[in-house]
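The structure appears below as structure tokens.
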Amino acid sequence: MLDKTYNAAEVEQKLYARWEESGVFACNPKADGKTPYTIMMPPPNVTGTLHMGHALTFTLQDALIRFHRMQGRDVLWQPGTDHAGIATQMVVERNLEKEGKTRHDLGREKFIEKVWEWKAQSGGAIINQLRRLGASADWPRERFTMDDGLSAAVRKIFVDLHRKGLIYRDKRLVNWDPKLHTAISDLEVDQRETVGKMWYFRYPVEGQEGVTVTVGTTRPETMLGDTGVAVHPDDERYADLIGKHVVLPIVGRRIPIVADEYADPEKGSGAVKITPAHDFNDFEVGRRNGLEMINVLDRDARINENAPEGYIGLDRFEAREKIVAEFEAQGLLEKVEENPMTVPYGDRSGVVIEPWLTDQWFVDAKTLAQEPIKAVEEGRTRFVPKQWEKTFFEWMRNIQPWCVSRQIWWGHQVPAWFGPDGEIFVEETEAEAQGAADKHYGKTVELTRDTDVLDTWFSSALWPFSTLGWPEETEELKRYYPTDVLVTGFDIIFFWVARMMMFGHYGMDEVPFKDVYIHALVRDEHGQKMSKSKGNVIDPLTLIDEYGADALRFTLVAMAAQGRDIKMSEQRVAGYRNFCTKIWNAARFCEMNECRPDPAFQPAGVTSTLNRWIVGKAAETAATVAKAVEEYKFNEAAQAAYGFTWNTFCDWFLEFAKPVFHGEDEAAKAETRATAAWVLDQILVMLHPFMPYLTEELWGQIGGTARESMLAQHHWTDAGDVADAAAAEEMDWVVELISSVRSVRSEMNVPPGARLGLQLKDASPETVARMERHAALIKTLARLDSLEAVFEAPAKGAAQTVVGEATVILPLAGVIDVDQEKARLEKELKKVEGEISKLSGKLGNEKFLAKAPADVVAEQRERLADAEGTRDKLRDAYDRLAAL
RNA sequence: GGGCGUGUAGCUCAGCGGGAGAGCACUACGUUGACAUCGUAGGGGUCGCUGGUUCAAUCCCAGCCACGCCCA
């Protein structure tokens, strides 16, 4: 006997262990005849803990995975974590800080050891949190981006790309993080809107007493590195100054005035100062005009020795104040304005990023982007929803070189060695580099390895094939690549999706995934982004503790409509917890009434209308759910399953079944029991991808020892053609009749316990037959004690309503309030008359008759006839009442 | 400035060329032996605004208003 209530916490723990032990989550590379279905789990940061965004993405992935596993596919859900270079290094450094140490005290090698120690202890907590969510990944295949195999893949592709000239070392401006002392990619820069200041400085023109050029700047300290002033070539105000020089105040440097279209005559004074070493735009201007590049900042963004005495060593913001003060003192500060602007911040460090001239490794993203762009254009990779293709194209077609080197310690060290003269040897191993160097120099020389490591996304970009053993030609690689779908949020389309596509094409010569399903962001119930600083974070684990993993999962699935963010509310989770309870209780009811699954049950073979109806509906719902999941319309799948389970199965079928179970007809009883059990099984099957725990538990308990397998690996079987339109029509009529009687009773304030007689006036023989066939359940559910077909006027004092061609009469002698009943009938009449006028208006329109499709016209005619019939019967009923 | 998206019941959202829907909330009634984490019934909407296309527009098109996100 099932417990009175479902205990999620207990069941979840028990079942997860059983799933894992029995190996149902494992893929089977040797399974001949089974089509593979593969999803690469986007590896969460090893430093991460489960948040709501993870809960959503992994629930959807698990739903897809479980669904396809139940469809008989050989499923691989490849799990793992990434090493999160900067984030992890920061975590470990913070721990060291508590001991009063820095990573430099330890040295690189010892520090890396510490990181591995940290990873062994507390890293990867998220993996266990994923288990609590019910994620059915192939855990024994878990990978980490710093694993040996994956690291070998990184070295291999780096060397390969370098040989083809697609990775190169270059001195360029990069986004420099002065706190973390590393370059970061464009994507790791957070552009924040602020209101800053625009300072207008006067630069004296050389040899022209009293003549100055005014330039605006938002970063005064960069003037120390100015090497030119630009004006627009067509700007008449400055035409005679082009080619002349200004003398840079404070510094005293003589710098040219050049003509360049970058200067916007409409903005400020029309003249701009050019600092090629500290601004991306100025860098280009400088290059076009042959301007000098003077770096005035050190790695901490302090002023370096290229600046005048008195500024050296100052922090950039101190220098700014000092420079402004100096200009003011010299009378060269024209004005200061408020200036709305965006300022770049490092997304990890939170400090202002400086464009800084350094030697870095770059990937030629432009070249690598070509194949992925083609793949999406040709539909070999498909974005769902489709509009994300635009975002993808937009970025890929304007892609900049990708700076992949980072000046940190934790990560894949760049496989490049420098000779004594700076010659670079890029090889997979030190020995190979030494060999190449020896050959190059004709003697043995000492090499030093590049200390930089690679951007974490570099290794993540290899994930779809490095996890399968690449560059080895493993059977997994052959079988599971390309993968079926990548599921992720739009925020990493650039970071990761695009880069996987670049490297996938490069390494495997094929798309890494056929579909990219982009899901929404999870926000709080007011639509605010969840963030620690706002304090509006909802912890998925807390919700799991309180409502169970299934309730959380179902909430996320039900709300995952394409193209809309999810506003997470606890109330909604509570609602779906109630749904879990509902299913549990329905199962209890079935159990109490001896509805046991019969392995020999043939859904197509049931005979009673009731059973034919529910079997048809169940099969229809299962098909709807399957189709919706295949189209990534998770909310539709959830809604279909929810509606069928609660509204059709529980509210109607089980209620219909009660009179059968309490009746005398043993054959009907047996068939209905078997049907109920079968339909309940169907419900468990179709809900399993969304609610794995509850469904698995019930599957086991209901089946007893007879079930040989767990639901997680049960095949989603086809019920065959069991649709029965006649049965559906008949049961719909029964439902309508009962609903009408209930409605009248409620509106006429008939006490719920009172048993009434029902007269059905002017019903067709078929309808009378239906009523008789379902008399027992109509009586029970509508709380009636008799049913009778009549053709004369009803007994005095009766409530009436219309169902189909017949009038339903409920004698309420002495109980009925005639005025109230009149009012009720008037309301019904008004409603139907409104419909009649709408329909007859339409059908009276010649253009409608001429142009609308015939079936639409016919349908409107039929509806009009029905409405008119109902109206006439309601009028008759009203007249009879009025005649009293 | 460019791009994308969103405005439908009090709230959260489905739907999307021919009958306005769900869940929650709300109101009334209800301990009928599965379930009060429940049942039954009910109220509630100029489908953002303005035009256009169409026999027909919440749905398609254009413009506008409001909000959100991404990129510059």
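In what follows, chains carry the letters A, B, and so on, assigned in the order in which the sequence lines appear, proteins first and then strands, with residues in each chain numbered from 1. Bear in mind the structure is a predicted one, so any value in this text is a computation, not a measurement.
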Looking at A:Glu826, I'd like to know if its CD atom is crowded, meaning that more than 12 non-hydrogen atoms belonging to other residues, nucleotides or ligands lie closer than 6.0 Å. yes
When rounded to whole Å, the OH to C1' distance for the pair A:Tyr642 and B:A14 reads 14 Å
Heavy-atom nearest nucleotide on RNA chain B for A:Arg572 versus A:Tyr576: which residue maps closer to 5'? A:Arg572
Is the count of non-hydrogen atoms from other residues, nucleotides or ligands lying under 6.0 Å from A:Glu805 atom CD greater than 12? yes
Where protein sits on nucleotides 33-40 of chain B, one letter per nucleotide: B base, S sugar-phosphate only, - none, heavy atoms under 4.0 Å: -BB-BSSS
Nucleotide N/O of nucleotides 17-21 of chain B paired with protein N/O under 3.5 Å:
from  : atom 1 : to       : atom 2 : distance (Å)
B:G18 : O2'    : A:Lys842 : NZ     : 3.3
B:G18 : O2'    : A:Gln860 : NE2    : 2.8
B:G19 : OP1    : A:Arg863 : NH1    : 3.2
B:G19 : N3     : A:Arg863 : NE     : 3.4
B:A20 : OP1    : A:Lys838 : NZ     : 3.2

Value in whole Å for how far the C1' atom of B:C4 lies from CD of A:Gln562: 15 Å
Heavy atoms only, 4.0 Å cut-off, all strands: where does A:Arg745 land among base, sugar-phosphate and nothing? nothing
Reading nucleotides 66-72 of chain B 5' to 3', which nucleotides get B (base under 4.0 Å from a protein heavy atom), which S (sugar-phosphate only), which -? ------B
Just checking A:Glu377: does its CD atom have more than 12 heavy atoms from other residues, nucleotides or ligands closer to it than 6.0 angstrom? yes
For the aromatic rings, using the six-membered ring if either is Trp, is the centroid distance between A:Phe383 and A:Trp388 under 6.0 Å? no
Tell me: CE of A:Met568 to C1' of B:C13, nearest whole Å? 14 Å
Should B:A56 form a Watson-Crick or G-U wobble pair with both distances under 3.5 Å, which nucleotide is its partner? none
Please report, rounded to the nearest Å, how far the P atom of B:U53 is from the NZ atom of A:Lys847. 12 Å
Rounded off to whole Å, could you give me the NZ-to-C1' distance for the A:Lys567 and B:C11 pair? 10 Å
Verify whether the ring centers belonging to A:Tyr576 and A:Tyr642 lie closer than 6.0 Å. yes
Passes side chain to side chain contact (heavy atoms under 4.5 Å, CB included), A:Phe644 versus A:Thr624? Steps please. CA-CA 11 Å; A:Phe644 173 74; A:Thr624 304; over 6 Å; no
Count the heavy atoms of every other residue, nucleotide or ligand shown that sit under 6.0 Å from CD of A:Glu394, and state whether that count exceeds 12. no
Taking the six-membered ring for Trp, are the ring centroids of A:Tyr517 and A:Phe634 within less than 6.0 Å of each other? yes
Cation-pi, A:Phe589 ring and A:Lys658 (6.0 angstrom, 45 degrees): yes
Here the distance between atom C1' of B:C55 and atom CG of A:Leu843, to the nearest Å, is 12 Å
Atom CD1 of A:Ile778 and atom P of B:U32 are separated, to the nearest Å, by 22 Å
Would you call A:Glu828 and A:Lys873 a salt bridge, taking side-chain N to carboxylate O under 4.0 Å as the test? no
Roughly, in whole Å, what's the span from CD in A:Glu570 to P in B:C24? 16 Å
Start with the C-alpha gap between A:Val352 and A:Arg192, add the side-chain angles, then the distance that decides, and say whether side chain to side chain contact (heavy atoms under 4.5 Å, CB included) holds. CA-CA 10 Å; A:Val352 176; A:Arg192 296 192 202 160; over 6 Å; no
